[in-house]
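To find a chain, count down the sequence lines: A is the first, B the second, and so on, and within it residues start at 1. The figures here come from the full heavy-atom set of this structure, side chains too, leaving out hydrogens, waters and symmetry mates.
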Protein chains: 2
Amino acid sequence: MRRNADQPTIDDVAALAGVSRSAVSKVMNGRGGISPKTATAVREAAAKLKWVPSATAVALRGSRTRSVGMVIARSTDLLATDPYFAVMISGAEQVLAPRGYGLQLHLMGDDPEAESATYRKLVRERRVDGFLLTESRIGDPRFALLRELDRPAVLIGIPWRDDPQPHVQSADPLRGMLDAARHLLDLGHRRVAYVSGPDDRVHTVQRRETFVEAMRAAGVTPATVAARRFDSLEARTITEELLRRPDRPTAIVYANDMMALAGMGAAQRAGIDVPGGLSVVGHDDLPIGAWHYPALTSVAQDLASLGAAAALTLLRLLGEEPPGPIPDIPPTRLIVRESTAKATHQ
Amino acid sequence: MRRNADQPTIDDVAALAGVSRSAVSKVMNGRGGISPKTATAVREAAAKLKWVPSATAVALRGSRTRSVGMVIARSTDLLATDPYFAVMISGAEQVLAPRGYGLQLHLMGDDPEAESATYRKLVRERRVDGFLLTESRIGDPRFALLRELDRPAVLIGIPWRDDPQPHVQSADPLRGMLDAARHLLDLGHRRVAYVSGPDDRVHTVQRRETFVEAMRAAGVTPATVAARRFDSLEARTITEELLRRPDRPTAIVYANDMMALAGMGAAQRAGIDVPGGLSVVGHDDLPIGAWHYPALTSVAQDLASLGAAAALTLLRLLGEEPPGPIPDIPPTRLIVRESTAKATHQ
DNA sequence: TTGAAAGCGCTAACAC
DNA sequence: GTGTTAGCGCTTTCAA
């Protein structure tokens, strides 16, 4: 069992530099009232000892941990399926790390109790200063919880019912969906289905409504199905069912790429050619879609930018960054590849 | 900007219970020498105030943070492709969370400098007690670094050159590979290729060697190609090249599922039927492989168990858990699906 | 069985 | 311009 045996402390640095503790502190935190001579001595001593202020001591002293939390409640299966989060997190890291902030990640099953318990614990134990929230939910309980816990949080996505919860979103979160509708219409599709994720997610509902609306405006009423869970098995089952219908769709739009890929597999297995007999559209534009055959037409959204913007916004809420405009997050847009083609009406 | 305005402290609890600070501490930490009466009063007060010891204060006092670090240096593209990590992390969480441990995650590009700087910073700032290491590398610099930093770490995988680095691995990490060789041989494949990831990963080299060895023992010499990077584009390019060879393989084994899926796409795009004209084998058995058409034959390994075992081992190193046998991690094994079939020799 | 007091490593008032 | 000092919230001797 290791101890922090020989880690130097501020006093060691002070001693080596021949100054007082507070002088060291002032130098390291760039506060004024220090002679250049002293500053240099301190910096040299610190470098020599490889000393860095203990995050724990700073946290205790200042009651901020310089660490943000992210709790993700999703089934393992789902985590295993969709690399979605990793990209967002790496975007967030890009702004957190340079500011000396850490990210506490908690992954857990899809259990509301465990989820809120985790938030509570993180706050009570004062492990984090704020949170990054993903996947806006219908009737999202997290906003109220975090207000109760009095901790800032930034949602990646669109809050339910215009809740004042701080959030970040793409410059045009639904544009890709509109493009998709237009694209399918242009290709002559009239029997179209939309397979959404569970209806407790805000984005899934919005995207579906946007898509349906756009199709309706053109006189086409899409069939809509909501997967009970957000995974590939559902996508397959639903697709099979859809394809058995007498008025089977000539195009299906899925809530995400993994579902789309699974759906494509189901269609092909049923002997239906994609895109010859069925056009397929995904969402998120994950790399795998492009390498698939046929390559997946998908709505791209810049997950890394979203993560980065959310982190920046949170840092501002924490008083760590000067206020400023939320950085631009590119609009969503449709990437047309091979999985969509002209409708073939039998 | 929020402050920990009204968070109760141990003194609040002590006051409410009418006892001293140390009495509260003793009760909460289950140390003896406390009358039942006092204990009850303290527990009630703590519950009423919803007080939990501040992790920061405990850390400063005890010089352990109850938090472990995990730094992953991989390109965003790769993170976007392979959901590999999320599963391991959720396995680790399963043992960390109940013990009150947190996980600090740092994702970054594939930059050795930045990587080691991150380890150093995490240790110097005393943000974590130990580390979980993934993806054993050839000449892995992390072991020496962590010894220098004097922090315990557990590697998920097999350390390079029998380094004494603590690690966890499947009960039979290469069995799946042997099964795969046997399987392809049984199907009559004689022209076989193995596409590995970059050769700086231990597991990729071991798997390749195991596979090649097994094939050789049966008189077949596989072509081997190492992807320079570990991603789908490489898989595609390499596959195309392989398929253009005059003696083109009738079966290709890939280092992971995403590469296999991409390779399959490349083959299909080149007009080669899978598995009719080419058999394909992946590794990791991610869910998406099963929903693909044709469903991917793949070597399964229990990533969640690996993550959990690693976390448990680390906790033991930290003196947090009694020693005991490393929990069983199921052997790797081949899952035969649709992407492999009898070889068709022209 | 209980409580007083010291101190973990740091920052920020405040005095010099 | 510099040093002294008082905590941040907790655990742990040590006395009572």
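Across the protein-nucleic acid pair, B/R64 atom CZ and D/dG9 atom P stand 23 Å apart, rounded to whole Å. Rounded to a whole Å, the CD atom of B/Q7 is 10 Å from the P atom of D/dG9. Atoms CG (A/D11) and C1' (C/dC8) sit 11 Å apart, rounded to a whole Å. What separates CZ of A/R126 from P of D/dG9 is a distance of 7 Å, to the nearest Å. One interatomic measurement links the two molecules: CG of A/L49 to C1' of C/dG9, which rounds to 14 Å at whole-angstrom precision. To the nearest angstrom, C1' of C/dC10 lies 8 Å from CH2 of A/W51. When the P atom of D/dG9 is taken as reference, atom CZ of A/R124 falls 16 Å away, rounded to whole Å.
Checked against D/dC10, C/dG9, C/dG3, the side chain of B/I10 finds its nearest nucleotide in D/dC10.
Under 4.0 Å is where a charged nitrogen must lie from a carboxylate oxygen, and between B/E320 and B/R99 no such pair does. Using a cutoff of 4.0 Å between basic side-chain nitrogens and carboxylate oxygens, B/E135 and B/R74 are scored as salt-bridged. A salt bridge links A/R120 and A/E148; the closest N-O separation between the charged side-chain nitrogens and carboxylate oxygens is under 4.0 Å.
For DNA chain D, the residues of residues 38-47 of chain A within the heavy-atom distance limit of 4.0 Å (strictly under) are A/T38, sorted by number.
When the side-chain nitrogen and oxygen atoms of B/S25 are compared with OP1 and OP2 of D/dT12, none of them lie within a distance under 4.0 Å. Between D/dT12 and B/R31, a contact under 4.0 Å exists linking OP1 or OP2 to a side-chain N or O.
In terms of modelled atom types and a separation under 3.5 Å, the side chain of A/D129 and the main chain of A/V68 share no donor-acceptor contact. A distance-only check finds no donor-acceptor pair linking the side chain of A/R201 to the backbone of A/I138 [under 3.5 Å].
Applying the ring pair (Phe, Tyr, Trp, His ring centres under 6.0 Å) definition to pairs two or more places apart or across chains, those involving residues 105-127 of chain B are B/Y119-B/F131.
Remark: A/Y84 engages no residue in a ring pair (Phe, Tyr, Trp, His ring centres under 6.0 Å) (not counting sequence neighbours). Partners of B/R31 under the salt bridge (Lys or Arg N to Asp or Glu O under 4.0 Å) rule, at least two apart in sequence or in another chain, do not exist in this structure.
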Please report, to 0.1 Å, the donor-acceptor pairs under 3.5 Å made by any side chain of residues 42-58 of chain A, with sequence neighbours excluded.
from  : atom 1 : to     : atom 2 : distance (Å)
A/S54 : OG     : A/T56  : N      : 3.2
A/S54 : OG     : A/A57  : N      : 3.0
A/T56 : OG1    : B/R126 : O      : 3.4

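Nearest-nucleotide positions on DNA chain D for B/A23 and A/A23 put A/A23 closer to the 5' end. For A/L60 and B/V19, each mapped to the nucleotide of DNA chain C holding its nearest heavy atom, the one lying further toward the 5' end belongs to B/V19.
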Using nucleotides 4-6 of chain C, report all nitrogen or oxygen pairs with the protein that are shorter than 3.5 Å.
from  : atom 1 : to    : atom 2 : distance (Å)
C/dA4 : N6     : B/S22 : OG     : 3.2

